Amino acid sequence: MTEVVIAHLFPRRMNIYGDTGNVIALSRRLEWRSIPHRVDLVPVGSDYDLLNADVVVAGGGEDSSQIEVARDVLARSENLHAAVDAGVAFLVVCGTYQLFGLRFIATDGSELPGIGVFDAETLSGEGRLIGNVIVESDFGRLVGFENHGGRTMLAAGQAALGKVVKGNGNNDTTDEEGAVTNNCFGTYLHGSVLPKNPQFADELLIRGMARRHGAVSLEPLDDRAEMAAADSAAGRP
Ligand code: GLN
């Protein structure tokens with residue numbers, strides 16, 4: 001099999017609450033199955049073509065980091081849309097998720113335009129939404145940790161990643177969490193999310209690999225440690 005490529009977008013600027021763990025989880029799950037792969041780092045300002053990747057991962061960051069990243073996301077808009085349309089799998093967490101919507105209004109009132117992969121907008125609200133989150137999704141239970149001031153509202157017709165069972169997710173007024181467009185998943189779940197939700201990690205790999213590697217069936221792994229971590233996080237207040 002040709003090498004599977006994971007692109008890590010904004011590895012330094014957007015990487016809080018362990019988000020780099022998502023890249024490690026994807027790469028370990030490939031390594032454990034002896035599937036050749038590499039991780040390409042894509043910092044702000046690089047001219048990397050995301051159509052070279054099978055899975056693209058980006059994390060969260062403070063409002064202040066988002067200003068520089070928002071400019072870069074806009075500059076890459078055409079390439080990002082082309083990759084989403086082509087079926088590249090994306091996991092964009094919190095701060096990057098907000099920039100994949102139509103716009104983000106930061107706590108200081110400044111507006112950061114997004115690229116509209118998701119028909120959604122985010123407004124900073126009073127107080128932060130912090131804590132452990134449990135979500136029911138098409139990929140089963142997802143467990144993660146949230147810490148954000150932005151409230152994201154999905155437009156009618158925009159698919160969510162799932163329904164919140166515990167915590168807040170997109171906002172404190174609806175039970176929606178995250179957004180899905182093609183194989184692009186936006187979420188507020190940090191933690192990091194993929195190590196504790198291995199079925200979601202494998203879903204990203206299967207969807208992302210389909211474009212260049214054909215239909216793949218991934219050999220099952222022993223996920224007892226991962227599930228124990230998820231159960232422990234789900235049981236916490
Ligand atoms: N700055 C954003 C907010 O607080 C994103 C935070 C994050 O990525 N955790 O809403």
Side-chain angles (χ1 to χ4, degrees), residues 1 3-9 18-37 39 50-51 53-60 80 83-94 96-97 100 117-118 133-146 154 158-165 169-170 176-231 233-234:
M1 182 184 280
E3 217 171 30
V4 174
V5 179
I6 299 165
H8 188 182
L9 254 186
D19 285 342
T20 296
N22 293 323
V23 176
I24 297 170
L26 292 171
S27 131
R28 279 295 163 82
R29 297 186 76 75
L30 292 167
E31 183 186 319
W32 288 330
R33 293 167 168 126
S34 306
I35 298 175
H37 64 280
V39 175
L50 293 162
L51 286 161
D54 300 300
V55 184
V56 178
V57 180
L80 284 164
V84 172
D85 292 348
V88 174
F90 280 72
L91 175 70
V92 292
V93 179
C94 202
T96 310
Y97 166 40
F100 272 46
V117 164
F118 303 123
V133 187
I134 303 176
V135 177
E136 287 306 336
S137 78
D138 289 349
F139 322 108
R141 178 191 69 172
L142 300 176
V143 181
F145 170 78
E146 65 181 336
L154 305 183
Q158 171 62 57
L161 171 59
K163 280 201 178 315
V164 173
V165 177
N170 281 347
E176 288 171 337
E177 155 52 24
V180 185
T181 296
N182 205 12
N183 294 326
C184 180
F185 295 86
T187 182
Y188 273 108
L189 301 185
H190 297 280
S192 31
V193 64
L194 295 184
K196 284 200 287 292
N197 298 282
Q199 74 290 6
F200 187 31
D202 284 351
E203 184 71 26
L204 282 166
L205 290 172
I206 289 167
R207 288 185 182 222
M209 287 164 72
R211 180 176 64 108
R212 297 195 305 175
H213 306 270
V216 283
S217 73
L218 295 176
E219 172 196 323
L221 297 172
D222 176 358
D223 286 327
R224 280 176 294 180
E226 288 79 355
M227 296 323 289
D231 287 343

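The model shown is predicted, which means the values in this text are computed figures rather than measured ones.
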> Once rounded to the nearest 0.5 Å, what's the spacing between atom CG of N183 and atom CD1 of I206?
11.5 Å

> Does a side-chain heavy-atom distance below 4.5 Å link F90 with N182?
no

> Would you name the heavy atoms of V117 and Q158 that are closest together and state the gap between them?
O-OE1, 4.3 Å

> So, the side chain of D54 versus the backbone of V4: is there a donor-acceptor pair under 3.5 Å, distance only?
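Between the backbone of V4 and the side chain of D54 there is no qualifying donor-acceptor contact (under 3.5 Å).
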
> Any heavy-atom pair between the side chains of D202 and R33 that's under 4.5 Å?
yes

> For Y97, give me all partners under ring pair (Phe, Tyr, Trp, His ring centres under 6.0 Å), at least two apart in sequence or on another chain.
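Residues passing ring pair (Phe, Tyr, Trp, His ring centres under 6.0 Å) with Y97: F118, Y188.
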
> What's the separation between atom CG in L30 and atom CG in L218, rounded to the nearest 0.5 Å?
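Interatomic distance, L30 CG to L218 CG, rounded to 0.5 Å: 7.5 Å.
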
> Under 3.5 Å, side chain of S137 to main-chain N/O of L161, donor-acceptor pair present?
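Checking the backbone N and O of L161 against the side chain of S137, no donor-acceptor pair under 3.5 Å is found.
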
> Can you tell me if E146 uses its side chain to pair, donor with acceptor, with the backbone of G169 under 3.5 Å?
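Confirmed, E146 side chain pairs with G169 backbone.
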
> Looking at NZ of K196 and CG of L189, how far apart are the two atoms once the value is rounded to the nearest 0.5 Å?
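These two atoms lie 9.0 Å from each other.
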
> Please examine the side chains of H213 and I35, heavy atoms only from C-beta on, and report whether any two atoms are closer than 4.5 Å.
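Side-chain contact under 4.5 Å: no.
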
> What's the verdict on side-chain contact (heavy atoms from CB on, under 4.5 Å) for T20 and H8, showing C-alpha distance, side-chain angles and the deciding distance?
CA-CA 8 Å; T20 296; H8 188 182; 3.7 Å; yes

> Mark yes or no for whether T96, through its side chain, and G59, through its backbone, hold a donor-acceptor pair below 3.5 Å.
yes

> For the CG atom of N197 and the CD atom of Q199, what is their distance to the nearest 0.5 Å?
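These two atoms lie 5.5 Å from each other.
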
> To the closest 0.5 Å, what do you measure between CD1 (I6) and NE2 (H37)?
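The CD1 atom of I6 sits 6.0 Å away from the NE2 atom of H37.
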
> Do V55 and R207 have side-chain heavy atoms sitting under 4.5 Å apart?
no

> Quick check for you: to the nearest 0.5 Å, what is the distance between L80 atom CG and F100 atom CZ?
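If we round to the nearest 0.5 Å, L80:CG and F100:CZ are 4.5 Å apart.
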
> Could you report the tightest heavy-atom contact between D19 and G191, atom names first, then the distance?
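Smallest interatomic distance, heavy atoms only, reads OD1-N, 4.5 Å.
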
> Does the side chain of V193 reach to within under 4.5 Å of the side chain of F185, using non-hydrogen atoms?
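No, every pair of side-chain atoms sits at 4.5 Å or beyond.
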
> Using every non-hydrogen atom in the two residues, find where C94 and G60 come nearest and quote the distance to one decimal.
CB-CA, 4.2 Å

> Would you say L26 and V57 make side-chain contact, with heavy atoms under 4.5 Å?
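Heavy-atom side-chain distance check passes, below 4.5 Å.
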
> V88 and L50: side-chain contact (heavy atoms from CB on, under 4.5 Å), yes or no, with the steps?
CA-CA 8 Å; V88 174; L50 293 162; 6.0 Å; no

> Give a yes or no on this: more than 12 heavy atoms of other residues, nucleotides or ligands lie within 6.0 Å of atom CZ of R211.
yes

> Mind listing the closest non-hydrogen atom pair of V39 and S27 along with its distance?
CG2-CB, 4.2 Å

> Could you tell me whether R141 and D231 have a side-chain N and a carboxylate O separated by less than 4.0 Å?
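Result for this pair is yes, salt bridge flagged.
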
